[in-house]
Amino acid sequence: MRFSEAFIYTSKEAPSDATLPSHIYLVRGGFIQGIGAGLYNFLPLGKKVLDKIRAIVKDELDKASAQEVDLAFVTPSELWKESGRFEKYGKELLRFKDRKDAEFVLGPTHEEMMVNMVRQYVKSYKQLPINLYQIKYKFRDEIRPRFGLMRGREFLMKDGYSFHKDEADMIENGFNKMEKTYSNIFTRLGLDFRVVEADSGAIGGNGSKEFMALADSGEDTIVVCKGCDYGANIEAAKRVPKTEPIYPEGEEVEMNYGKFHTPNVKTIDELSSFFHIDKYYTVKAVAKKALYDNNIEKVVLFFIRGCDELEETKATNAVNANELIDVSEDELIDLGLIPGFIGLEGLPKDILAVVDSELKGADKLIIGSNEKDYHTIGFQLPDYGDFYRDLIKVQEGDKCPNCQNELYYTKGIEIGHIFQLGTRYSEPLKAEFLDENGKSRPFVMGTYGIGVSRLLAAIIEQHHDDKGCIWTKATAPFDLEIIVSNIKKEDELKIADELYNNLKSKGIDTLLDDRKERFGFKMKDFELIGIPYAVIVGKKITDGMVEIVDRKTLEKEEVTLDSAVDRVLELIK
Ligand code: ATP
Ligand code: MG
């Protein structure tokens with residue numbers, strides 16, 4: 001491609017709301033154009049990168065025997081009603097009607113559509129397993145679209161779905177196979193990533209893993225171990241249960257059960273200083289309002305140790321809610337609760353209480369008495385009951401559940417997600433097959449997503465400097481750029497042209513910067529766009545020499561014109 005003929009327009013101006021390098025450089029470099037909150041046009045450079053990523057995704061999936069399909073983007077809402085998600089999905093789901101008043105949604109994900117397709121054709125275990133995918137735009141009316149391609153409203157996703165006769169087959173021929181395939185894809189793209197345990201929603205279990213591109217700008221906090229390869233999203237992270245603080249001999253904590261007058265002592269800080277005791281021994285009640293389908297709301301009390309924090313996703317799953325929101329003190333008082341003194345004994349009826357699993361059987365606790373200005377000390381929780389759930393946010397310094405070493409936080413960008421779905425969709429949608437014994441069974445499914453357009457952002461977050469993008473070889477919009485230093489010098493242009501044609505004939509995708517601009521200006525564009533290498537045809541051509549610049553290091557290497565092609569081939573292969 002000749003730059004002088006290309007639809008490539010770089011700019012010095014970054015979008016006013018842009019904070020991340022990927023957002024700034026993708027816009028300034030002429031890869032994408034913002035046209036509204038979370039909506040982007042892909043310009044030729046961006047489209048080339050997107051297609052390269054897409055091709056790698058497709059190649060690896062096809063190798064794993066997955067088959068590509070392309071489903072309608074506009075989805076009849078009946079399917080979403082069958083699965084029960086029409087209500088549940090909330091405002092992210094764009095719903096609309098056509099001229100005949102029929103209801104539709106713009107697919108934010110395609111489980112229903114895919115199950116609907118497969119149930120019409122697959123009737124026997126002999127047709128299983130099947131793995132189908134598409135690479136297609138999705139629409140989610142995100143509450144806070146931001147960071148450019150990172151969190152768009154319309155974005156390109158690879159979404160895959162596998163169908164199996166039983167769970168064992170889904171794990172082996174679906175989930176595990178896709179884990180391997182995804183690792184291959186992200187390795188080929190040149191990303192530094194980690195596979196972590198993820199939240200499985202209300203389904204629970206260990207059936208969900210996320211692929212995280214490691215980057216300080218990542219929106220996800222991931223918990224990783226100093227000693228082993230344990231990694232988990234904070235929403236799903238586990239730890240070795242906290243143990244009693246170590247006190248010098250003879251100073252161990254002892255408590256007899258009883259009520260204690262604690263006037264105005266409301267917060268955990270106040271409580272721990274009032275009793276001169278570690279927060280480990282205190283219990284706090286975190287009140288939230290849980291939201292359910294059909295506008296049902298319910299106040300829930302989550303009881304955790306005073307030294308811990310509530311993890312909202314875990315808490316949401318614990319009560320099967322769609323969402324948790326804050327609740328005011330006045331609302332609590334109306335329900336008969338006494339903020340600052342809430343405990344487990346003597347709670348008003350109808351109040352739902354969930355207790356953190358680590359408190360199961362715990363004793364020597366200080367907790368509110370549900371009475372103004374009173375706390376109960378020496379409180380003990382029973383070792384039974386079904387109101388215990390994992391509720392706490394793992395903290396840095398907690399111990400790894402695998403190897404007991406120290407855990408710490410790092411940041412990641414979710415680029416992929418694989419999920420053991422089971423029969424969550426096949427059951428309500430009555431997608432069934434006949435097993436070996438002629439018995440009808442719902443398909444056991446897996447679902448697998450990759451944020452294809454988000455990958456452009458993730459790659460730049462990991463590969464940039466203060467001048468612009470540094471694309472990996474597998475994802476660069478061009479393999480090489482040739483810069484004509486002084487366009488007015490006919491010999492420079494002529495040699496650059498010959499070199500360009502020569503490289504093109506060897507299959508090297510080259511951008512020839514033949515614009516009538518100053519050398520410095522062209523060099524700045526090369527740095528901003530981030531093509532891995534440039535050959536500069538300049539003054540030294542009179543001595544038969546050209547320069548090769550490595551975008552990553554910006555180091556220059558002089559080579560003879562005759563050897564330039566071979567050297568380029570060597571570098572970019
Ligand atoms: P997130 O937690 O980032 O909102 P998600 O868990 O809702 O993502 P999935 O439903 O698992 O996303 O979608 C599969 C993949 O699609 C994600 O792993 C992510 O890479 C990508 N993705 C999701 N939402 C967006 C978005 N708004 N913009 C760009 N890519 C997205
Ligand atoms: Mg996800």
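Model, not experiment: these values are computed from the prediction. Indexing begins at 1, ligand by ligand and atom by atom, following the structure's order.
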K.L.:
Between Lys209 and Glu179, does any NZ, NE, NH1 or NH2 come within less than 4.0 Å of an OD or OE carboxylate oxygen?
P.N.:
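Answer for the salt bridge query: yes.
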
K.L.:
Centre-to-centre under 6.0 Å for Phe433 and Phe443, is that the case here?
P.N.:
yes

K.L.:
How about Tyr9 and Phe7: are their ring centres within less than 6.0 Å of each other?
P.N.:
yes

K.L.:
Hey, mind stepping through Tyr533 and Arg551 against side-chain contact (heavy atoms from CB on, under 4.5 Å) and telling me if it holds?
P.N.:
CA-CA 6 Å; Tyr533 299 97; Arg551 171 60 190 93; over 6 Å; no

K.L.:
Run the numbers on Asp386 and Tyr388 for side chain to side chain donor-acceptor pair (under 3.5 Å), then give the verdict.
P.N.:
CA-CA 6 Å; Asp386 65 355; Tyr388 293 105; over 6 Å; no

K.L.:
To the nearest 0.5 angstrom, please state how far the CG atom of Leu50 sits from the CD1 atom of Ile135.
P.N.:
9.0 Å

K.L.:
In terms of side-chain geometry, is the basic nitrogen of Glu414 or Arg454 positioned less than 4.0 Å from the acidic oxygen of its partner?
P.N.:
no

K.L.:
Given Trp471, which of Phe31, Phe478, Tyr25 fulfils the ring pair (Phe, Tyr, Trp, His ring centres under 6.0 Å) condition?
P.N.:
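Considering Phe31, Phe478, Tyr25, a ring pair (Phe, Tyr, Trp, His ring centres under 6.0 Å) with Trp471 is found only for Phe31.
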
K.L.:
Can you count the protein N, O or S atoms that lie less than 2.8 Å from the Mg ion (ligand 2)?
P.N.:
2

K.L.:
Think Arg95 forms a cation-pi with Phe104, using NZ or CZ under 6.0 Å from the six-ring centre and within 45 degrees of its axis?
P.N.:
no

K.L.:
Residue by residue, ordered by chain and number, which ones reach under 4.0 Å of ligand 1 with a heavy atom?
P.N.:
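The 4.0 Å shell around ligand 1 contains Arg140, Glu142, Leu149, Met150, Arg151, Gly152, Phe155, Met157, Glu414, Ile415, Gly416, His417, Gly451, Arg454.
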
